[in-house]
Amino acid sequence: FEEAIGKNPRILKSGEKSPEEYQLMWQTIKAGKEWRGEFHNKKKKGELYWEQASISPIKDSQGNITHFIAVKEDITEMKKLIEELFAAKDRAELANKLKSEFLAQMSHEIRSPVNIILSFTSLIREEVNHNASEDMEMCFNAIDNGGRRLIRTIDLILNVADIQSGKLEVHLEKTYLAKDIIEN
């Protein structure tokens with residue numbers, strides 16, 4: 001307390017705020033207006049801290065400015081939380097990008113062998129078509145249906161990933177099941 005009495009608040013300056021910012025602050029309060037802003041100031045031991053400040057002029061009965069009053073709040077913790085929030089947001093965006101890349105790679109790795117299986121199944125089916133038993137035909141149908149289902153599932157997973165990442169835009173419109181689908 002004794003060390004602060006009579007001292008100018010500039011003893012707290014960290015040197016990070018530009019002279020232009022201080023000049024604007026002084027212009028504002030000398031014009032009789034309130035100034036609000038933030039300072040990154042220095043404690044007695046040199047440790048930096050953030051404060052939010054409101055500085056207003058005090059006027060006498062003739063309207064002349066006689067003093068200034070500052071109300072300040074230490075917002076160091078809030079600043080740290082905001083930094084952590086932005087870092088978490090960046091990590092989440094990176095994780096989402098990696099997820100999309102992983103899904104695209106997995107899609108390729110699964111789709112290629114499934115397409116090969118379906119192609120060769122189709123060739124074998126054509127070769128034995130005339131001599132295929134009913135059981136054999138059921139097996140060909142099961143392979144074909146299963147492969148197409150797997151490819152469709154991959155496409156749906158990729159669509160959901162694209163929707164979540166904003167790469168795919170969803171357009172909703174009314175569909176009349178009886179007219180548009182069932183009748184066709």
Side-chain angles (χ1 to χ4, degrees), residues 14-18 20-21 24 35-43 46-54 71-184:
S14 65
E16 292 182 13
K17 203 168 201 56
S18 72
E20 293 80 21
E21 290 175 286
L24 182 62
W35 177 87
R36 289 180 179 264
E38 293 179 355
F39 293 106
H40 200 202
N41 280 340
K42 194 173 11 175
K43 294 182 180 181
E47 178 186 351
L48 294 175
Y49 69 98
W50 282 98
E51 66 181 14
Q52 187 170 7
S54 171
V71 177
K72 299 179 176 189
E73 179 182 3
D74 187 335
I75 58 169
T76 306
E77 286 303 311
M78 183 179 74
K79 286 281 199 179
K80 285 180 186 175
L81 290 173
I82 289 170
E83 272 183 41
E84 289 172 12
L85 236 122
F86 278 114
K89 178 184 171 275
D90 290 344
R91 287 191 307 272
E93 286 172 351
L94 176 63
N96 193 44
K97 181 182 174 195
L98 291 173
K99 178 194 74 171
S100 295
E101 290 172 4
F102 172 77
L103 288 173
Q105 186 66 33
M106 289 308 299
S107 165
H108 174 73
E109 293 298 325
I110 295 171
R111 191 186 306 263
S112 295
V114 170
N115 280 327
I116 291 169
I117 291 168
L118 290 176
S119 296
F120 279 113
T121 302
S122 178
L123 285 173
I124 295 169
R125 182 183 225 168
E126 286 177 17
E127 279 295 315
V128 297
N129 193 24
H130 303 293
N131 301 329
S133 67
E134 196 174 303
D135 286 343
M136 179 86 67
E137 192 58 38
M138 282 177 39
C139 290
F140 285 133
N141 286 337
I143 292 170
D144 193 52
N145 290 339
R148 293 189 193 290
R149 183 176 174 196
L150 188 55
I151 288 174
R152 183 173 180 271
T153 301
I154 292 167
D155 289 340
L156 291 173
I157 290 170
L158 289 175
N159 286 346
V160 168
D162 285 345
I163 289 169
Q164 288 175 340
S165 68
K167 291 180 186 174
L168 188 68
E169 206 171 297
V170 178
H171 296 283
L172 301 175
E173 60 182 68
K174 287 185 179 179
T175 300
Y176 300 95
L177 289 176
K179 181 181 165 213
D180 296 342
I181 297 173
I182 297 172
E183 287 177 9
N184 288 333

(message) Using 0.5 Å steps for rounding, measure from the NE2 atom of H40 to the OH atom of Y49.
(response) 10.0 Å

(message) Test your reading of the model: is there a side-chain donor-acceptor pair from S107 to the backbone of L103, 3.5 Å cut-off?
(response) no

(request) Any chance you could measure M106, atom CE, to I157, atom CD1, to the nearest 0.5 Å? (result) 9.5 Å

(message) How long is the straight-line distance from CD1 of I124 back to CZ of F140, given to the nearest 0.5 Å?
(response) 6.0 Å

(message) Name the residue from T121, V114, I116 that meets the side-chain contact (heavy atoms from CB on, under 4.5 Å) definition with L118.
(response) V114

(message) Which residues pass the salt bridge (charged side-chain N to carboxylate O under 4.0 Å, His left out) test with K99, not counting sequence neighbours?
(response) none

(message) Going by side-chain hydrogen bond (donor to acceptor under 3.5 Å, both in side chains), name the residues that satisfy it together with Q52, two or more places apart in sequence or in a different chain.
(response) none

(message) Is any side-chain heavy atom of L158 closer than 4.5 Å to one of R111?
(response) yes

(message) Return the CH2 to CD distance between W35 and E21, rounded to the nearest 0.5 Å.
(response) 8.0 Å

(message) Can you pull out every salt bridge (Lys or Arg N to Asp or Glu O under 4.0 Å) where at least one residue sits in residues 129-139? Sequence neighbours excluded, please.
(response) R125-E137

(request) Taking S119 for its side chain and N115 for its backbone only, find out whether a donor-acceptor pair lies under 3.5 Å. (result) yes

(message) Rounded at 0.5 Å granularity, tell me how far CD1 in I154 sits from CG in N159.
(response) 12.0 Å

(message) Exactly one of E51, K17, K72 should register a side-chain hydrogen bond (donor to acceptor under 3.5 Å, both in side chains) with N41. Which one does?
(response) E51

(message) Does M138, at its CE atom, have more than 12 non-hydrogen atoms belonging to other residues, nucleotides or ligands within less than 6.0 Å?
(response) no

(message) Are F102 and L98 packed together at the side-chain level, in the sense that at least one heavy-atom pair is separated by less than 4.5 angstrom?
(response) no

(message) Salt bridge or not between E93 and K89? Use side-chain N to carboxylate O under 4.0 Å.
(response) yes

(message) To the nearest 0.5 Å, what is the distance between CG on L81 and CD on E84?
(response) 5.5 Å

(request) Flag the pair I143 / I117 as yes when at least one side-chain heavy-atom distance between them is below 4.5 Å, and no otherwise. (result) yes

(message) Check this for me, if you would: do K80 and E77 make a salt bridge, where the nitrogen-to-carboxylate-oxygen distance has to be below 4.0 angstrom?
(response) yes

